[in-house]
Amino acid sequence: MKTVLILNGPNLNLLGTREPQVYGSQTLADVQTLCDSACDANGFDLDFRQSNHEGELVEWIHEAGRMQTAGTLAGVILNAGAYTHTSAALHDAIKGTGVKLIELHISNVFAREAFRHHSYISPVAKAVMCGFGVNGYALAIAAMAAMQDQP
Ligand code: CA2
């Protein structure tokens with residue numbers, strides 16, 4: 001069984017504690033439970049992580065690249081949080097490893113402040129999803145399953 005690696009960036013550990021009108025009221029632990037069920041339903045193992053540190057996220061993308069080479073990775077679902085809008089390092093890591101990656105956002109970033117409209121991740125992602133709330137995580141896992149026969 002292949003693994004879906006779900007990476008969450010800065011401040012997503014605060015999910016459910018503030019800004020419920022933007023991000024909903026579920027916690028990151030609730031999201032992990034949702035992802036567990038979605039992975040079960042789609043025949044994947046789940047590896048679910050969060051970090052507030054850009055370098056740690058870069059290291060995890062490198063790890064994903066090694067898993068992809070070994071044939072154990074289905075793909076990465078990345079909610080890079082605010083690093084989406086700032087991180088050339090994450091862009092380079094995704095491009096350099098060639099990992100199959102879906103960029104995910106809980107909110108519709110295009111309906112928000114202008115600085116959230118640009119993403120360093122989108123040009124190196126296979127697909128981009130935003131605005132579905134935390135249910136977007138389950139939708140992204142189903143999309144990852146549908147993408148498995150693509151190169
Ligand atoms: O909509 C998303 O998923 C975002 O990636 C969330 C990031 C934001 O910087 C992106 O533009 C869009 C922010 C995550 C912070 O989440 C919090 C949740 C509750 C309370 C405080 C922060």
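Counting starts at 1 for both ligands and their atoms, following the listed order.
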Next item on the list: Measure up the His117 and Phe110 rings against each other and bin them: parallel (under 30°), tilted (30 to 60°), perpendicular (over 60°).
Entry: tilted
Check: Considering only heavy atoms of Leu14, which atoms of ligand 1 have at least one such atom less than 4.0 Å away?
Finding: 19 (C), 20 (C), 21 (C)
Check: Taking the minimum heavy-atom distance to atom 1 (O) of ligand 1, which of Ser119, Cys130, Ala80, Ser107 ranks first?
Finding: Ser107
Checklist line | Nitrogen or oxygen atoms of Arg112 and ligand 1 under 3.5 Å apart | finding: no
Next item on the list: Flag yes if Leu57 and Leu73 sit in one hydrophobic cluster, no otherwise; membership is Ile, Leu, Val, Met, Phe, Trp, Tyr, and two members link when side-chain heavy atoms are under 4.5 Å apart.
Entry: yes
Notebook entry, point to check: Regarding Ser119 and Glu103, is there a side-chain donor-to-acceptor distance under 3.5 Å anywhere?
Noted result: yes
Check: Backbone or side chain, does any N or O of Glu19 fall under 3.5 Å from an N or O of ligand 1?
Finding: no
Check: Of all the non-hydrogen atoms in the protein, which one sits nearest to atom 3 (O) of ligand 1, and at what distance?
Finding: Ile106 N, 2.7 Å
Checklist line | Atoms in ligand 1 flagged as close to Arg18, the criterion being non-hydrogen separation under 4.0 Å | finding: 19 (C), 20 (C)
Note to self: What protein heavy atom lies closest to atom 9 (O) of ligand 1? Include the residue and the distance to one decimal.
What the structure shows: Arg116 NH1, 3.0 Å
Item checked: Under 4.0 Å to a heavy atom of His85 - the qualifying atoms of ligand 1, by number -> 10 (C), 11 (O)
Next item on the list: Number the atoms of ligand 1 from 1 as they appear, then name those within less than 4.0 Å of a heavy atom of Ala82, with their elements.
Entry: 9 (O)
